[in-house]
Amino acid sequence: MRILFHATGGKPDPWLADLTQAVPGAEVRAWQEGDHAAADYAVVWQPPRAMLQNRTGLKAIFNLGAGVDGIMALGDALPAGVPVVRLDDAGMGVQMAEYVSHAVLHYFRRFDDYALQQKEGRWRFLKPHEKQDFTVGILGLGILGTRIAGALAAMGFPLHGWSRSPKDVAGVTCHAGADGLDAFLAASRVLVCILPLTAETRGILNRDTLGKLPKGAYVVNVARGGHLVEEDLLALVQAGHIAGATLDVFREEPLPPAHPFWQEPRITITPHAAAVTLRGDSVRQIAGKIVQLERGEPIAGVVDPSKGY
Ligand code: NAP
Ligand code: GLV
């Protein structure tokens with residue numbers, strides 16, 4: 001069995017070695033420009049168009065992440081009918097829960113205000129926020145959104161969640177679809193975005209939606225930069241409607257040095273580091289799914305092309 005590998009921005013060698021060891025009988029090779037030789041499976045992150053366009057014979061394309069926007073963006077260049085398979089958690093759930101819990105606690109316990117006071121050398125006790133008023137709204141109740149909800153529920157935060165289809169998640173007031181969005185936003189003192197980036201969700205964090213959050217709300221975006229209209233967030237932070245934002249993802253990555261976010265003290269920036277792909281967990285998951293496919297069994301994590309995630 002032949003496996004073709006390419007991860008934009010990553011080093012292939014450790015992956016080639018681990019996949020070779022994990023998949024019985026596999027010949028694993030790094031894709032190079034001009035490689036049109038046969039392959040049964042592709043394992044990719046942000047693959048170049050030339051890797052997959054006009055390729056025949058693939059049984060599945062495995063994505064080295066949860067978000068498949070980098071693959072789906074290839075559109076008609078993707079081989080027709082070949083399943084695209086995302087990573088299911090694979091160690092990212094706990095990382096996301098840690099990152100978002102940290103951000104929520106940072107705002108809830110007023111570390112943002114204390115950091116600004118420290119810059120001015122001020123010693124002043126600030127009235128704590130009331131937990132019952134500090135509702136966290138989670139946009140996206142999938143694999144990672146429900147892990148985030150579980151971690152925040154354990155600390156007693158009131159939770160709301162929003163998804164495409166109606167859900168029943170313990171400890172979460174669930175809203176669904178376009179009709180449920182306004183009530184969800186009105187309830188969210190902290191808005192966490194963990195949606196996939198699709199035609200429907202691009203630009204969902206904009207002047208209109210962010211303006212529907214309660215005054216003094218916080219925004220945490222750990223999904224994709226394309227969800228956020230950056231100018232709208234900056235204007236709302238500067239106007240005082242949004243009290244702060246923690247952003248892990250940006251329209252352009254790396255965030256350009258001249259970007260105004262760098263200079264805004266109410267915006268915290270991390271370099272797309274909220275939940276990284278762990279090689280050991282990912283290789284085990286992909287190898288297991290290849291074995292299932294070879295046996296003719298169904299697998300989890302197959303992307304629905306009509307939804308884009
Ligand atoms: P998932 O399991 O596919 O969950 C996606 C959730 O979003 C589902 O609840 C889905 O609703 C909801 N959704 C999708 N489109 C919607 C729409 N139009 N309206 C309302 N709800 C919608 O995905 P996941 O594994 O949780 O990952 C989510 C995203 O996190 C990834 O796509 C990726 O972009 C991002 N991510 C970021 C990092 C990082 O380091 N920053 C790391 C990993 C992942 P249904 O349940 O009804 O389908
Ligand atoms: C990372 O951003 C992922 O989608 O896994």
Side-chain angles (χ1 to χ4, degrees), residues 7-10 43-47 62-73 84-100 102-103 137-151 159-169 172 174-185 191-205 209 219-228 246-251 253-255 268-279 281-282 285-286 300-309:
T8 296
V43 176
V44 298
W45 178 248
Q46 297 178 341
F62 288 95
N63 182 47
L64 287 174
V68 291
D69 44 296
I71 296 183
M72 303 317 276
V84 172
V85 187
R86 43 76 49 92
L87 284 179
D88 296 324
D89 194 318
M92 285 187 278
V94 66
Q95 297 176 68
M96 269 302 173
E98 289 162 359
Y99 184 103
V100 174
H102 173 91
I138 304 171
L139 282 169
L141 287 174
I143 291 180
L144 301 178
T146 50
R147 284 300 296 266
I148 293 168
L159 299 173
H160 282 237
W162 188 69
S163 53
R164 172 199 287 267
S165 54
K167 295 260 180 290
D168 188 4
V169 181
V172 183
C174 294
H175 307 258
D179 293 346
L181 187 56
D182 281 2
F184 165 85
L185 292 169
L191 180 71
V192 177
C193 179
I194 184 72
L195 290 165
L197 184 63
T198 66
E200 285 177 25
T201 64
R202 184 176 291 281
I204 192 166
L205 305 176
T209 52
V219 174
V220 180
N221 187 16
V222 284
R224 286 289 185 266
H227 288 121
L228 176 67
T246 296
L247 307 176
D248 184 52
V249 285
F250 301 89
R251 197 162 53 202
E253 295 179 7
L255 188 65
T268 299
I269 292 164
T270 53
H272 201 140
V276 300
T277 296
L278 302 176
R279 195 170 70 247
D281 294 50
S282 306
Q285 188 174 107
I286 291 167
V302 176
V303 171
D304 177 344
S306 69
K307 292 186 192 162
Y309 68 97

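Note that these values count all heavy atoms, side chains included, but never hydrogens, waters or copies made by symmetry. Note that ligands are numbered from 1 as they come in the structure, with each ligand's atoms numbered from 1 the same way.
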So for ligand 1, is [X] a polar contact partner (N or O within less than 3.5 Å, distance only)?
X    : value
L197 : no
G142 : yes
K307 : no
R224 : yes
V222 : yes
V68  : no

Nearest neighbour of [atom] from the list [options], on a heavy-atom basis:
atom                    : options                : value
atom 26 (O) of ligand 1 : L144, D248, T201       : L144
atom 39 (C) of ligand 1 : R164, R202, M96        : M96
atom 5 (C) of ligand 1  : P196, G225, P166, G308 : P196
atom 23 (O) of ligand 1 : K167, R86, E200        : R86

Measure the distance from atom 3 (C) of ligand 2 to every protein heavy atom, then report the residue, atom name and distance (to 0.1 Å) of the closest one.
->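 It is A66 N, 3.4 Å.
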Which residue holds the protein heavy atom closest to atom 2 (O) of ligand 2, what is that atom called, and what is the gap in Å?
->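 Result: H272 NE2, 2.7 Å.
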Would you sort out whether Y99 and T270 count as a side-chain hydrogen bond (donor to acceptor under 3.5 Å, both in side chains), showing the intermediate values?
-> CA-CA 10 Å; Y99 184 103; T270 53; 2.6 Å; yes
Do V192 and N221 have side chains that get closer than 4.5 Å, going by heavy atoms?
->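 A side-chain contact under 4.5 Å is absent here.
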Is the shortest side-chain N to carboxylate O distance from K307 to E200 below 4.0 Å?
->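 Not counted as a salt bridge, because no side-chain N and carboxylate O are separated by less than 4.0 Å.
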Would you kindly specify which portion of V249 sits under 4.0 Å from ligand 1, judged on non-hydrogen atoms: side chain, backbone, both or neither?
->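 The answer is the side chain.
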Does T277, backbone or side chain, put an N or O under 3.5 Å from an N or O of ligand 2?
->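 For ligand 2, there is no N or O atom that lies under 3.5 Å from one belonging to T277.
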Does A275 reach ligand 2 with a nitrogen or oxygen that is under 3.5 Å from one of the ligand's nitrogen or oxygen atoms?
->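 The answer is no, given that A275 and ligand 2 share no N or O pair closer than 3.5 Å.
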